[in-house]
Structures are given as C-alpha cells and as structure tokens.
There are 2 protein chains.
Amino acid sequence: MEKVTIATVAQRAGVSRQTVSNVINTPDVVREETRERVREAISALGYRVNQAARQMRTGRSRLIAVRIEPARDGINGSVLDRFLHGLTDAAGLAGYRVMLYTADGDDAEIATYDELLNAYDLDAFVLTSTHHGDPRTSWLAARDVPFVTFGRPWGAPETHSWVDIDNAAGTAAATEHLLAAGHQRIGFLGWPAGSGVGDARREGWHRALGPWGPVGEATDGVESGAVAARKMLQNDPPTAIVCASDSLALGALQAARELGRECAVIGFDDTAVARAIGLTSVSQPLAEAAGRCMDLLRELLDGHAPSHPTNVLLPPSLVVRQTA
Amino acid sequence: MEKVTIATVAQRAGVSRQTVSNVINTPDVVREETRERVREAISALGYRVNQAARQMRTGRSRLIAVRIEPARDGINGSVLDRFLHGLTDAAGLAGYRVMLYTADGDDAEIATYDELLNAYDLDAFVLTSTHHGDPRTSWLAARDVPFVTFGRPWGAPETHSWVDIDNAAGTAAATEHLLAAGHQRIGFLGWPAGSGVGDARREGWHRALGPWGPVGEATDGVESGAVAARKMLQNDPPTAIVCASDSLALGALQAARELGRECAVIGFDDTAVARAIGLTSVSQPLAEAAGRCMDLLRELLDGHAPSHPTNVLLPPSLVVRQTA
DNA sequence: TATCCGAATTTGATCGTTCAAGACCTAGAG
DNA sequence: CTCTAGGTCTTGAACGATCAAATTCGGATA
C-alpha cells in the first residue's frame, strides 16, 4: 500500500496540489466540476490529510489536552472519568483529538503545559478541578493559550470561559425534595469550608432550608463521613441529611444503620456506588458539560473568538432512589 | 517570546543544525566538548523538539492510542479507567503520549484505526476488551501496525504480544480463602458461558473447589445478579458465593439480606463500590498491567523487536474485607 | 481591437526536523 | 611525503502540507 499524499490525489484528478488543498480547506473557491473530480479522487484513493505536515505550516494540531488524575477516592474519581468520556466524544465530532497527561501538582502541570505546547503544538487545554488561587489559568492566559475550565475560577477574576455545574442548585433541589416529603430537620454533611465546590453545595442546602440545620464536617471518605454523621445523629438528630458527596452519604448511611436511626440520605455525583446501593443522589450532566466545553473551545479556536469570555452554568438533576 | 528551533540553538552554540540534532538523537557521535556547549544552549533557550517536524521526517509520532469506552455498567467501567491512568503514566515516562478515541463496535474501531494511522501517524495501539473472534487484531497485524492487547487473544492464534490478568487464579484464591475459613458449600455466580474472561473466572473456582458447587448465571448487573443469587440460595443453598464481578456480588448480597441468609460473598475487580461497602474482592494489578503493556510496546517500537511475541500473565490479589 | 477584470488554477517557497552525502582535520601507515 | 581511515562537523534535500504570489483564460469594457 503506497503512501497517498496530496500530490497523489492531484495527479489522479489532473490538477495541482494547491487545488486539492483548496477543495479540502476552502471548497468555495474551486469550480464545482473540479471540486467533484477531486473529491472523487480523494475517496477513491482513501486519502487523509497528514496532520503533522499541516501542523507544520499552520501551527495548529487539532489536539487538545486534558489531565487525567490518579483515581483518588475511587468513588468520586469516576466523575472526571465520565467527563473525559464525554469530552473525547465531543472532540471527535468536532475533528479534534484528546491527548492525556498526568501531573503531580500545579507546578508540575504547568511544566507539562510548556512541554506539550512546544513539542506537540497543542491547540488548547481543558482544565478540571479548579480551585482557589489556581496558578494554571494565569499561566495559560499570560501566554495566550486557548483554554476552558470545567469548574469556575474560584476567587480569581473571570477572564476566561468556563463551564460549571450549579452545585448550589443541586443541594437545593435535594433539600426541597426532602422538605416536600415532610422532613423538617434536615442536616448537611460536607467538607471543611474553603473548597469552592463544597461551599457552594452547603450554600444550596442553606438557601432551600432557611435558618436552621445541623452541620457536620468531614474530609471526603466513607470513614470520615460516618464519624461526623454519628456525631450529628447523637447530638441534635436530623431526620434527613444532604451530603456533599456519595462517599459522605455512604458514611451517613452506615452511621444511621449502626445507631438504628431512620434517616433519609441524599448524596452528590450519582456515582456507580449510588446506583448500586440505591442511594438518592444529585447527578451532574457530565456529557453535556463536556460538550459545552468543546463548544467554547471551538469558539476560541475556529476564529471568531468572542471578545468577552462565556460562562455556562448547568443545572444538575436529582435521581431519586430508595434512601430518600 | 520567539520561536526556538533547532537553528536558534545551532546559532547560539556556534554549530550547525545537524550537530544539534545529533546531540539530541545520537550523542555519541559528537565530541564531548561540543556536546556540552549544545546542551547548554538547549537548556538556556528552553528548546524542545517539535514533534510534528520530527514526525514528518521519521514517520514516528511518539503517540499511542487507546479506546475509551462509554462507561457501561458504571461499576465495572472503572476498571478500564484505572488501566488508562496507569498507561498514561507509563507512557509519559517512556516519552510517549496517549491519545484517546471512541468507537461504537469493532468495525467502527477499525475505521478509526485507519484514520488515526493516516492522519496522525500513530505509533501503536493498545487494545482492551479482547473477545472471541476479535477482528481488530488481524486487521492491525495485516498492516504491520504495532499493538499490544490487554487481555489475551481468546481463541485466536497468539501472533502478538499481550498482557493479561490471571482471572482463574483470582477466583481460585477467593475460593481457597473461603475453604480455609471453613466453608464447604461454595457457589459461583457468573456470566453465561462464552466470554473468555467469565469462563476463566468460573474455571478458577472449579479448580480450587473440586467437583461440587451450585452455579448461577446472570448477565452483568446488580438486578440480574440478585435474581440469580436468590434462586441459588433457595434451591441448594451454599454458605458462600464467589462472583465474577462486583456487580454480581452486590446482587448476591442483596439477595442474601432479603432472604435473611448468612452467606459470604466475594466479588471481582475491587471497584470503588467494593471498597465503599466492605465487599471482599479480587483486585487486578492494573497499574502494573499498564506498565507491562508499555514495556512490550517499547520492545516493538524501539527497534530490537523480539522475533516471537511475549505474553505476560499477572496474578491478581484478594482484598479481604467484611463480606468474607 | 486592445485592455482590463475577476474567477480558477498553478508555481515556488516555507514550516522544523532528519537523512544522506560530502568536507575538513588529525593521525598513523606505507 | 602521500595516502587512507576515522572522527567530527556541515551542507543540501526531503518529508507533506499551506501560504503568497503568479499565471491562465474567457468575457466585459472602452
């Protein structure tokens, strides 16, 4: 099988290289008849544009990079994985490919940006797990590298486009669901203050519930959640608990069972665990979030960049199962 | 910030382009002193090889592709994700990058191979989820595309290198653990015969147990597992069940609880769910498997290809928790 | 009829790297 | 003193695409 280049196609169609290139990139400048002839040659030969060669001229690689994180907790790690699935799909449809990298910490990640940009001419980055004082966005912005974040820029000035889930709306919906079911004493089990996501989830619960409610704090994880939930259930027992994650919710369920208490529990993220054990949970529209990220990237990449950044806030949905 | 090319480095070091190239690719042909001077210029300028240009000359992209599957079950999907993490790490260390793609079915995947090979000059593929009558391996082999499979070539002639988990050893270990704990009537809950992985897991249980044991069959999933387990527990009740997956194990646990039966349960894959609910499970060494895949690929890619394919079979380990 | 115009197409140069071949220099052999 | 060999370095071409400028050609205009 010979190598098929633009020259092969040109010869077969009886035109020059440039005309073939035009058919591919700017079809409207080529006469109808010629265009068809070239298109025919292209498909007859099974020609595909060589990205490396194109990239060398245009400086564009049609590659976007995403960090894949070491599966931490294992329960919540799957959220990013599902986002990644969606992004790969969306990118594929838009003619882009996703490249992965790992990095241990923000500084290492920035070093990786530098390498990827130089070596592979990456077109853009999608950042996940944004957090307070995130140095990555400013580094990229300073170099005019196109990027989008999945997660809003907590605290930082909003100089770039982002997509995020409306976390507060999620816990608010969960709380309202409980209120509608007749619960009045509804607690919240979350992470220590300071993480943007965690604070937003607490805020949603607070907004829907009003003034009162017992609050428990725990670092993420089943054990830690069980400890905090036990304390809540013993002191000022609520009849229902809204949790900041499925891990915490699982802990809460364990604690309630141990203490023999009836207690409704709602988790967050709708992970596989929730589905498996029938835990009611708030579900993030990850595929849509990924699709929107890709849309924003295309705006940035395919010319017509909007002068000011776009933000997308997606509402999560409540998946009701047995626990509430 | 100017673009730093090999010519920039050459000028600064007072040598020709080719000498810089030699320092990078074949350092031993350059005189010590010159080599140092060039190296200094490289790091002073922060020079990085442009992969696209290199690729155009050499035809090698230092890119390997892996398919990312739509998270099916959600419980077991995470196995591939963890493998992916490991592979990205291992590839990064070896100077390769991982590119993702999705494909719906074997034929679509083969079409994607064709596109990726032409457009991106991919160096190699890592295939997962091998199965009986897999058309992908022969397609790749016919075109001399380097690839490795994670999962042995079920039924097909072993003409390529692969890495796999010793599934039978896993269920055998689980069964032996139960025997040691005094169980005598140990059942197996697995998938219908025909899937290589499923058959191997059943085989391991059978080997360790000897002649007897009730067998249940169910398509993967919690519901389906619960139904099959209920039947087992009612007819010829075992005191323990070895399962082909964590999903099935979860179903078995549900069935036992409903029927009020004491029954030890062991799952397979050590997913997040298992960790969360304390399910004893067989754990696959996924990071190591990924590393081995990368090792095999390097053998194929970095010259010295072994004349006959290499196979790696890794033993899983039993993670003992509360359910057995 | 000569000139100009615009649409359609072609030609030559270029992106950054590596390959293949050649040039230079020093040292040892004849 | 010439010749050869080997180590070290340089030069020109090539990979496959796109950009920018040049060319062709039929038809409208003066």
Test the A/R62-A/Y96 pair against the cation-pi criterion, namely NZ or CZ under 6.0 angstrom from the six-membered ring centroid and within 45° of the ring axis.
yes
Taking CD in B/Q11 as the centre, count heavy atoms belonging to other residues, nucleotides or ligands within less than 6.0 Å. Is the count above 12?
no
A/D123 (side chain) donor-acceptor with A/S61 (main chain) under 3.5 angstrom:
yes
When the rotation axes relating C1' atoms of four end pairs to the next four are compared across the helix from C/dT1-D/dA30 to C/dG30-D/dC1, five pairs an end, they differ to 10° by 70°
Would B/R31 and B/E36 pass as an ion pair if we require N to O under 4.0 Å?
no
Contact state string [nucleotides 12-19 of chain D, B base, S sugar-phosphate only, - no protein heavy atom under 4.0 Å]
BBBBBBBB
If you measure only the distance, is there a donor-acceptor pair under 3.5 Å linking the side chains of A/H160 and A/T149?
yes
Using a strict cut-off of less than 4.0 Å between a Lys/Arg side-chain nitrogen and an Asp/Glu carboxylate oxygen, indicate whether B/R48 and A/E115 qualify as a salt bridge.
no
Which of residues 30-38 of chain A sit near DNA chain D, with a heavy atom under 4.0 Å from it?
none
Are B/R37 and B/E32 within salt-bridge range, i.e. N to O under 4.0 Å?
no
Using only heavy-atom distances, determine whether the side chains of A/E69 and A/S129 contain a donor-acceptor pair under 3.5 Å.
yes
Protein-nucleotide distance (A/Y120, atom OH; C/dG16, atom C1'), rounded to Å
15 Å
Just say parallel, tilted or perpendicular for the rings of A/F83 and A/F150, cut-offs at 30° and 60°.
parallel
Consider only side-chain N and O atoms of B/N22 and B/R17, and report whether a donor and an acceptor are under 3.5 Å apart.
no
Length of the line joining B/D121:CG and C/dT18:C1', which is rounded to integer Å:
15 Å
